[in-house]
Visitor: 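Before we start, here is the structure in question, set down as structure tokens.
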Amino acid sequence: MREKLEAKKQVMESMSMSSKLAKEDAKKQEDKLSVEVRSLLVAGTALSVARKRLQESNRLFSGEKGYGSLRNLQKRLRTRQQYMISQVSLLYPVKISVGPAQEQELELFPSSSQSGGSPGSKPAHQGSLTILGLHLSMLPFKKMSFFTDKREVQRSATALGYVAHAVSLIASYLNVHLRYRLRLGGSHSYIIDHAPSLEPTSSDLSSNTEISTTKKDVEFPLFLEGQDTTRAAYAVFLLNKDLEQLLNSVGVKSLGPRQILPNLKELLRTIQSADFRTT
């Protein structure tokens with residue numbers, strides 16, 4: 001009986017030790033849980049503050065100084081751009097020639113009956129359009145001879161000067177940096193191309209082994225008087241490239257590589273339309 005009693009005492013002591021260890025482990029778990037609860041409370045408070053800030057930001061974003069204000073500013077900017085470019089169209093009106101002494105102004109605002117034709121219609125021919133009463137004839141740029149009408153050459157140069165000035169103004173109003181810059185001079189305007197040129201270095205003179213490639217600004221004349229026809233034709237090509245760049249900025253495709261005045265007319269018509277957007 002004494003041995004049994006001693007065995008039971010040992011079992012009780014072992015159980016007491018296990019209970020004490022379990023109690024200590026439970027205390028540690030309780031302390032750890034208490035820390036996590038406090039962290040959760042702090043995170044909940046931070047989340048509540050962040051939610052309030054988000055609500056305040058949303059309120060400001062949709063308020064007078066937020067997205068609504070930005071949209072209003074964009075609308076006012078487009079309206080101002082349309083007004084300024086309408087002044088350009090008044091300064092350099094693009095008209096279509098309908099007879100030897102009669103011209104009717106192109107409708108620059110789209111309507112149900114007069115909107116420049118359907119999207120699939122053929123663009124107006126270069127020779128049928130005038131800018132400020134002047135035709136832009138491309139024939140002298142293709143073939144210049146002794147019998148070429150000098151007055152026609154002068155009129156074309158003046159018309160190109162008008163187009164260059166209009167393109168420069170429209171680009172500044174739309175905040176578009178032209179790929180080919182213009183040096184305005186009326187009927188003697190120039191267009192600038194960043195053409196790569198090959199220039200020999202000092203070592204080339206002795207060894208002929210190295211060639212340095214640099215980019216130089218090359219001016220091409222937008223007139224024929226005293227100029228090479230190839231350079232002048234290339235200048236007209238670059239001017240049309242600037243027009244294509246402006247058309248692309250308002251989401252419109254070019255009417256063709258030799259359609260200077262039709263492209264200008266289409267640009268003015270698109271900008272002054274109700275769905276004008278810049279890209």
Visitor: Does Arg179 reach the main-chain N or O of Leu238 with its side chain, forming a donor-acceptor pair under 3.5 Å?
Guide: no
Visitor: Does any non-hydrogen side-chain atom of Ser189 lie less than 4.5 Å from one of Leu160?
Guide: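 They are not in contact (no side-chain heavy atoms under 4.5 Å apart), so the answer is no.
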Visitor: Test of understanding: clusters of I, L, V, M, F, W, Y form through side-chain heavy atoms closer than 4.5 Å, transitively. Do Ile271 and Leu77 belong to the same one?
Guide: no
Visitor: Any carboxylate oxygen within less than 4.0 angstrom of a Lys/Arg side-chain nitrogen, looking at Glu24 and Lys27?
Guide: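 No.
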Visitor: At their closest point, which heavy atom of Lys253 faces which heavy atom of Leu247, and how far apart are they?
Guide: O-CD1, 4.2 Å
Visitor: Answer yes or no: is there a side-chain heavy-atom contact under 4.5 Å between Ser187 and Gln154?
Guide: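 The answer is no; the side chains never approach within 4.5 Å.
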Visitor: For residues Leu73 and Arg76, determine if any side-chain heavy atom of one lies less than 4.5 Å from a side-chain heavy atom of the other.
Guide: yes
Visitor: Looking at every non-hydrogen atom in both residues, tell me the closest pair between Leu224 and Ala232 and how far apart they are.
Guide: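 Result for this residue pair: CD2-CB, 3.6 Å.
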Visitor: Once you round to the nearest 0.5 Å, how far does CD1 of Ile170 lie from CE of Met84?
Guide: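 Nearest 0.5 Å value for the CD1-CE distance: 11.5 Å.
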Visitor: Calculate, to the nearest 0.5 Å, the distance between atoms CG and OH belonging to Leu132 and Tyr162 respectively.
Guide: 5.0 Å
Visitor: Is it true that a side-chain atom of Ser249 and a backbone atom of Leu246 form a donor plus acceptor pair closer than 3.5 Å?
Guide: yes
Visitor: Does the side chain of Leu243 reach to within under 4.5 Å of the side chain of Ser254, using non-hydrogen atoms?
Guide: no
Visitor: Taking side chain to side chain contact (heavy atoms under 4.5 Å, CB included) as the criterion, tell me which of Leu54, Val49, Leu47 meets it with Arg51.
Guide: Leu47
Visitor: How far does CD of Gln81 sit from CD of Gln74, to the nearest 0.5 angstrom?
Guide: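 If I round to the nearest 0.5 Å, the distance is 10.5 Å.
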Visitor: Between Asn240 and Gly256, what is the shortest heavy-atom contact and its length?
Guide: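 Minimum heavy-atom separation between Asn240 and Gly256: ND2-O, 3.1 Å.
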Visitor: Treat each ILVMFWY residue as a node, draw an edge where side-chain heavy atoms are under 4.5 Å apart, and state whether Ile192 and Phe220 are in one component.
Guide: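 Hydrophobic grouping puts Ile192 apart from Phe220.
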Visitor: Ignoring hydrogens, what is the shortest heavy-atom contact between Leu239 and Ala164? Give both atom names and the distance.
Guide: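 Here Leu239 and Ala164 meet closest at CD1-CA, 4.2 Å.
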Visitor: With a cut-off of 6.0 Å (strictly less than), are more than 12 heavy atoms of other residues, nucleotides or ligands near CD of Glu3?
Guide: no
Visitor: Val11 and Lys8: side chain to side chain contact (heavy atoms under 4.5 Å, CB included), yes or no, with the steps?
Guide: CA-CA 5 Å; Val11 171; Lys8 287 183 178 180; 5.5 Å; no
Visitor: Val163 pairs by side chain to side chain contact (heavy atoms under 4.5 Å, CB included) with which of Val236, Val94, Ile131?
Guide: Ile131
Visitor: Side chains of Ser34 and Arg38: is there a donor and an acceptor less than 3.5 Å apart?
Guide: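 Their side chains do contain a donor-acceptor pair, which is all the 3.5 Å distance test asks for.
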Visitor: Heavy-atom distance under 4.5 Å between the side chains of Lys265 and Leu261, does that happen here?
Guide: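 No, too far: nothing below the 4.5 Å cut-off.
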Visitor: Hey, what do you get for CG (Leu222) to CD1 (Ile260), rounding to the nearest 0.5 Å?
Guide: 8.5 Å
Visitor: For the backbone of Ser86 and the side chain of Ser89, can you confirm whether one donor and one acceptor N or O come within less than 3.5 Å of each other?
Guide: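 Such a contact is found between Ser89 side chain and Ser86 backbone.
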Visitor: Report the C-alpha distance between Val250 and Leu174 in whole Å, list the side-chain angles of each, state the deciding distance to 0.1 Å, and finish with yes or no for side chain to side chain contact (heavy atoms under 4.5 Å, CB included).
Guide: CA-CA 9 Å; Val250 296; Leu174 297 181; 4.2 Å; yes
Visitor: Parallel under 30°, tilted from 30 to 60°, perpendicular over 60°: which one fits the rings of Phe223 and Tyr190?
Guide: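 Judged by the thresholds at 30° and 60°, the geometry between Phe223 and Tyr190 is perpendicular.
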Visitor: Please walk me through it: do Val252 and Leu267 pass side chain to side chain contact (heavy atoms under 4.5 Å, CB included)?
Guide: CA-CA 8 Å; Val252 179; Leu267 177 64; over 6 Å; no
Visitor: Which pair of non-hydrogen atoms, one from Val88 and one from Ala166, has the smallest distance, and what is that distance?
Guide: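 So the minimum-distance heavy-atom pair works out to CG1-CB, 3.9 Å.
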Visitor: Should the pair Glu266-Arg269 be classified as a salt bridge under the 4.0 Å nitrogen-to-oxygen rule?
Guide: yes
Visitor: Measure the shortest side-chain to side-chain distance between Asp217 and Asp193 over non-hydrogen atoms and say whether it is less than 4.5 angstrom.
Guide: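 Result no, sub-4.5 Å side-chain heavy-atom pair not found.
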Visitor: How long is the gap from OG1 on Thr270 to CD on Gln82, to the nearest 0.5 Å?
Guide: 11.0 Å
Visitor: Do any N or O atoms from the side chain of Ser19 and from the backbone of Met15 form a donor-acceptor pair under 3.5 angstrom?
Guide: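 Answer holds: no.
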Visitor: Test your reading of the model: is there a side-chain donor-acceptor pair from Gln245 to the backbone of His177, 3.5 Å cut-off?
Guide: yes
Visitor: List the atom of Leu178, the atom of Leu182, and the distance in Å for their closest heavy-atom pair.
Guide: CD1-CD1, 4.1 Å
Visitor: Measuring from Leu134:CG to Arg155:CZ, what's the distance to the nearest 0.5 Å?
Guide: 7.5 Å
Visitor: Under a 4.0 Å N-O cut-off, is there an ion pair linking Arg181 with Asp242?
Guide: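 A salt bridge is absent here (no side-chain N lies under 4.0 Å from a carboxylate O).
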Visitor: If we ignore hydrogens and angles and just use 3.5 Å, is the side chain of Ser18 paired with the main-chain N or O of Ser14 as donor and acceptor?
Guide: yes
Visitor: Begin from the C-alpha positions of Glu244 and Lys241 and carry the test salt bridge (charged side-chain N to carboxylate O under 4.0 Å, His left out) through to its verdict.
Guide: CA-CA 5 Å; Glu244 290 179 354; Lys241 283 294 182 182; 3.5 Å; yes
Visitor: Less than 4.5 Å apart, any side-chain heavy atom of Asp25 and any of Leu21?
Guide: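 No; the side chains remain at least 4.5 Å from each other.
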Visitor: For Arg80, is the CZ atom crowded, meaning more than 12 foreign heavy atoms sit under 6.0 Å from it?
Guide: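 It does not: Arg80 CZ has 12 such atoms or fewer within range.
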